[in-house]
Amino acid sequence: MASIKEILTTMEYGPSPESREHIDAWLAAHRKGFGQFINGRFGEPGALFDVFNPATGEAIASVTQGTAADVDAAVAAARKALPKWAALSGHERARHLYALARNLQKRERFLSVLETIDNGKPLRESRDIDIPLVARHFYHHAGWASLIDSEMPGTRPVGVCGQIIPWNFPLLMLAWKIAPALAAGNTVVLKPAEYTPLTALAFAEICVEAGLPAGVVNIVTGDGATGAALASHEGVDKVAFTGSTDVGRLLRKATAGTGKKLSLELGGKSPFIVFDDADLDSAVEGVVDAIWFNQGQVCCAGSRLLVAEGVAETLYEKLRARMMKLRVGDPLDKSTDIGAIVSPTQLQRIQHLIAEGEKEGLVGWTAEAALPQRGSFYPPTLITGVEPASILAREEIFGPVLVATTFRTSDEAVALANNSRYGLAASVWTENVNRALEVAARIKAGVVWINSTNLFDAASGFGGYRESGFGREGGREGLSEYRVFDIPAGKPSKAPAALNAAPGFTPSETAAGVDRTAKLYVGGKQARPDSGYSYAVLDPKGREIGLAGLGNRKDIRNAVEAAAKATGWGAATAHNRAQVLYYVAENLDARAGEFAQRLTAMTGVSARAAREEVDASIRRAFFYAGFADKFDGAVHSTRTRFVTLAMNEPWGVMGIVCPDDAPLLGFVSLVAPAIAMGNAVVVVPSAAHPFSATDVYSVLDTSDVPGGVVNIVTGEANVLAKTLAEHDGVDALWYVGDKAGAKQVEALSAGNLKATWTVANGLDWSRAEGREFLRRATQVKNIWTPYGE
Ligand code: NDP
């Protein structure tokens with residue numbers, strides 16, 4: 001034992017291990033193995049697999065490998081419990097959530113220690129961050145349960161939710177999933193990660209203790225196959241997933257065409273940007289929290305350090321000095337900074353990626369501290385001079401490895417930050433508030449922390465842009481993932497009839513004796529279709545009333561390119577967009593008679609019905625013009641001394657495939673909210689009745705709509721929808737059509753994980769308007785800005 005004099009000289013910490021006796025007693029009581037928690041009780045253990053302590057490699061418990069029958073039973077229990085749970089008053093549900101929060105809080109120490117033993121994270125983190133946030137989530141959502149009826153009118157619970165969570169924040173991810181689902185009136189079946197199921201099982205005991213009705217929460221343990229069985233189960237109405245982008249893609253495909261709601265919170269390679277005017281000492285502490293928190297096994301870890309060239313060497317020096325002080329070791333020791341990697345497999349994954357980097361000549365710097373002899377440990381590592389194309393700058397390492405690159409200008413910093421297929425989070429360090437907010441606005445990420453990092457709160461949404469997934473967790477944004485917004489359904493769309501391809505793109509004499517050869521509309525100009533072909537547009541009696549361009553993949557690609565160039569529209573003021581939309585409405589009004597006649601000629605509706613559709617379209621354009629500057633974001637009540645700004649940002653480029661019924665009103669109902677929110681759109685109008693849309697060209701031209709904001713490609717809807725769904729330049733896609741088309745769109749969107757909205761049951765277009773369209777036309781970015789000196 002060191003003397004006090006020696007301690008004062010070395011300033012070494014002595015050991016301060018946390019007691020684990022309660023955990024050992026609990027594990028001993030379950031020595032036989034854990035069964036599944038279904039319908040309010042634990043079943044007998046089935047085929048078991050071991051769970052290990054990552055810090056020692058010892059098996060600490062065994063849990064049941066979930067079978068298809070287990071998933072069936074759990075889904076059936078959740079289904080049975082659903083009507084009663086959904087019918088409870090908000091207040092009654094709030095009391096249940098509140099009871100869960102209270103019971104979790106009473107067990108905080110137990111759950112922290114159990115989490116640390118199961119996952120390997122330092123006790124300091126599980127005790128001070130994970131578990132307090134778990135309780136906070138249940139309290140926050142107890143509040144939402146009371147408020148949901150008044151705060152979210154016109155919505156209802158989704159139903160049975162299948163929830164699949166990862167191992168990096170086991171109980172916190174459970175809370176992020178279960179608390180909002182229950183508050184919103186749903187029941188759940190949750191599958192924890194294979195490596196870390198223990199706190200979920202302890203939570204099941206808490207559900208019993210807190211008197212939660214049987215079947216409202218069901219926990220099924222198992223591996224990826226159990227997760228797959230849950231996600232594809234017919235009785236599940238919504239799938240919520242957090243984990244790798246690869247599995248996220250599988251789930252997107254597996255749920256395609258099923259009508260299940262889906263939210264995906266996936267990987268990231270988040271930039272941590274340090275400008276030359278940043279407070280470098282604070283930035284160093286930020287880096288510690290960004291990449292060495294939870295051993296870097298954090299989806300939003302600030303794993304790419306981008307630093308201004310002028311201060312790079314100084315920052316690296318400071319970082320190296322700080323790294324020398326990080327204590328790697330027993331996670332149960334209260335003075336440990338960096339604990340164990342969750343499993344030998346994950347450790348090998350990190351080692352493999354580092355070896356790949358070494359092949360590129362990249363070598364990491366680590367402090368010379370001995371790692372524990374047993375268990376899975378990896379030292380905090382800094383690798384400088386990493387080119388953006390390096391595997392280490394592109395791939396999620398999911399370990400305590402920071403890769404650094406320098407930049408010279410703000411533009412370059414933003415370009416490097418956005419040079420990633422991911423878009424989960426970013427951290428920006430500068431003392432210049434103008435620069436901070438400008439950069440925050442330009443970064444494509446769902447969360448931006450200014451002079452801070454890795455901050456979470458139940459009141460703020462969390463979730464990604466691009467391949468980091470879609471949907472949010474936390475706050476109002478997250479809650480809406482667990483409600484269905486009632487938009488009156490219409491007639492289900494039929495499979496589209498084959499088009500009558502005409503031999504060439506030649507003007508023809510039509511029944512009305514007028515040339516109706518509609519071209520495409522791309523980049524603000526009329527364009528001939530790439531194929532050179534057109535198709536005959538028929539009236540209800542089968543007479544040809546004109547020709548429309550038969551668009552193909554190339555036309556869609558051109559249109560997407562034009563739309564991508566027009567995304568400056570999103571940066572225009574909302575007032576400006578409103579003015580343009582009013583102008584569109586006004587010009588439509590001026591030609592209302594002509595549009596009505598065209599509708600009658602195309603669809604055979606009465607003159608009166610046609611005029612009604614035109615008038616409704618004008619009203620709708622006015623409606624969204626009015627909303628353009630009123631679909632506000634929010635300032636969330638998160639932490640003291642932080643303004644957490646939730647900004648509704650446009651997706652960027654949206655694809656829109658329109659319905660056959662209400663060819664004009666359907667078109668306006670979808671395009672107007674999308675452009676009101678600042679998106680540029682590629683629209684596929686009704687193939688059967690395209691002229692309502694193609695006649696809009698001249699309205700757009702005369703209404704100051706900038707070229708490229710609205711692009712229109714006529715042709716076979718499902719053929720063009722396929723290209724839109726596959727296109728990586730399309731950020732979101734709305735599809736109204738038949739079931740097969742909806743399935744195709746969802747499955748193919750897995751490529752860049754674009755957000756989709758498919759409507760196969762039609763909409764009542766006379767009532768298809770409101771905030772829900774605006775919500776779906778935007779994604780929320782939360783910007784955390786600290787204040788105070
Ligand atoms: P996964 O995405 O495989 O695991 C997440 C969850 O999904 C687990 O519960 C897992 O079960 C389950 N699962 C696995 N396969 C399927 C499937 N086909 N259908 C349904 N559910 C499935 O992540 P890993 O644990 O394999 O980690 C691999 C990498 O993923 C990490 O290195 C990291 O890069 C990334 N990752 C990202 C996370 C994030 O928060 N964004 C979290 C975890 C990992 P089981 O545990 O039994 O495999």
Side-chain angles (χ1 to χ4, degrees), residues 49-52 54 63-66 68 71 118-119 121 130 162-170 172-174 176-177 189-198 200 219-233 236 239-255 260 262-270 293-301 303 341-354 376 378 391-392 394-401 421-425 446-447 454 456 462-464 466-471 473 750 753:
F49 63 88
D50 285 339
V51 177
F52 299 90
V63 304
T64 296
Q65 166 60 35
V71 172
D118 197 12
N119 165 280
K121 62 175 66 205
D130 290 46
Q163 306 183 314
I164 301 166
I165 57 171
W167 41 260
N168 51 350
F169 294 91
L172 186 56
M173 289 302 104
L174 173 148
W176 282 24
K177 297 273 181 293
V189 179
L190 176 130
K191 190 201 89 69
E194 201 176 331
Y195 295 147
T196 56
L198 298 182
I219 310 273
V220 177
T221 53
D223 61 10
T226 314
L230 176 59
S232 56
H233 197 286
V236 167
V239 174
F241 172 77
T242 299
S244 61
T245 294
D246 288 346
V247 174
R249 268 201 187 95
L250 289 177
L251 295 180
R252 171 66 292 183
K253 289 181 192 157
T255 53
K260 286 177 191 166
L262 177 67
S263 51
L264 298 175
E265 200 269 272
L266 309 175
K269 190 78 187 176
S270 299
F293 170 52
N294 202 18
Q295 297 71 249
Q297 302 168 123
V298 182
C299 49
C300 52
S303 51
I341 301 298
V342 74
S343 72
T345 312
Q346 278 299 120
L347 182 62
Q348 281 157 17
R349 196 186 127 87
I350 298 168
Q351 289 163 338
H352 168 74
L353 279 165
I354 296 301
S376 303
Y378 198 87
I391 185 166
L392 298 185
R394 287 182 286 114
E395 293 299 316
E396 187 175 36
I397 300 174
F398 230 61
V401 180
R421 60 198 172 101
Y422 297 114
L424 192 50
V447 187
N454 274 343
F456 311 100
F462 180 90
R466 300 169 158 182
E467 292 183 30
S468 292
F470 45 77
E473 294 188 296
L753 286 164

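Keep in mind that the numbers below use all heavy atoms, side chains included, and drop hydrogens, waters and symmetry copies. Start at 1 and go down the list; that is how both ligands and their atoms are numbered.
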Subject >> Distance-minimising heavy-atom pair for Tyr422 and Glu467 >> reply: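 Heavy atoms only, the tightest pair is CD2-O, 3.9 Å.
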Could you see which bit of [X] sits under 4.0 Å from ligand 1, with heavy atoms only: side chain, backbone, both or neither?
X      : answer
Gln346 : side chain
Leu266 : backbone
Asp223 : both

**OP:** Would you mind checking which non-hydrogen protein atom is closest to atom 36 (N) of ligand 1, with the distance to 0.1 Å?
**Re:**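 Scanning the protein heavy atoms, the shortest distance from atom 36 (N) of ligand 1 goes to Phe398 CZ, 3.7 Å.
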Original post:
Which protein heavy atom lies closest to atom 1 (P) of ligand 1, and at what distance to 0.1 Å?
Top reply: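 Its nearest protein heavy-atom neighbour is Ser244 OG, 3.6 Å.
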Original post:
Using the ring of each side chain (for Trp, its six-membered ring), is Phe293 parallel, tilted or perpendicular to Phe169, with breaks at 30° and 60°?
Top reply: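 Answer is tilted, since the angle falls between 30° and 60°.
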**OP:** Might you check, step by step, whether the distance between atom 26 (O) of ligand 1 and some protein heavy atom is under 4.0 Å?
**Re:**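 No.
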Original post:
Would you say atom 4 (O) of ligand 1 has a protein heavy atom nearer than 4.0 Å?
Top reply: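 There is no protein heavy atom less than 4.0 Å from atom 4 (O) of ligand 1.
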Original post:
Do any nitrogen or oxygen atoms of Ile164 come within less than 3.5 Å of a nitrogen or oxygen of ligand 1?
Top reply: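 Between Ile164 and ligand 1, no N or O pair is found under 3.5 Å apart.
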Original post:
Which of the listed options, Arg249, Glu396, Glu194, Met173, holds the heavy atom that is closest to atom 45 (P) of ligand 1?
Top reply: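 Looking at heavy atoms only, Glu194 sits closest to atom 45 (P) of ligand 1.
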**OP:** First locate atom CD of Glu473, then atom CE of Met173, and finally report the distance between them rounded to the nearest 0.5 Å.
**Re:**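 If we round to the nearest 0.5 Å, Glu473:CD and Met173:CE are 6.5 Å apart.
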Original post:
Rounded to the nearest 0.5 Å, how far does CD of Glu396 lie from CD of Gln297?
Top reply: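 Going from CD on Gln297 over to CD on Glu396, the span is 10.5 Å.
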Original post:
Which ligand 1 atoms, with their elements, are less than 4.0 angstrom from a heavy-atom of Thr242?
Top reply: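 Every atom of ligand 1 under 4.0 Å from some heavy atom of Thr242: 5 (C), 40 (O).
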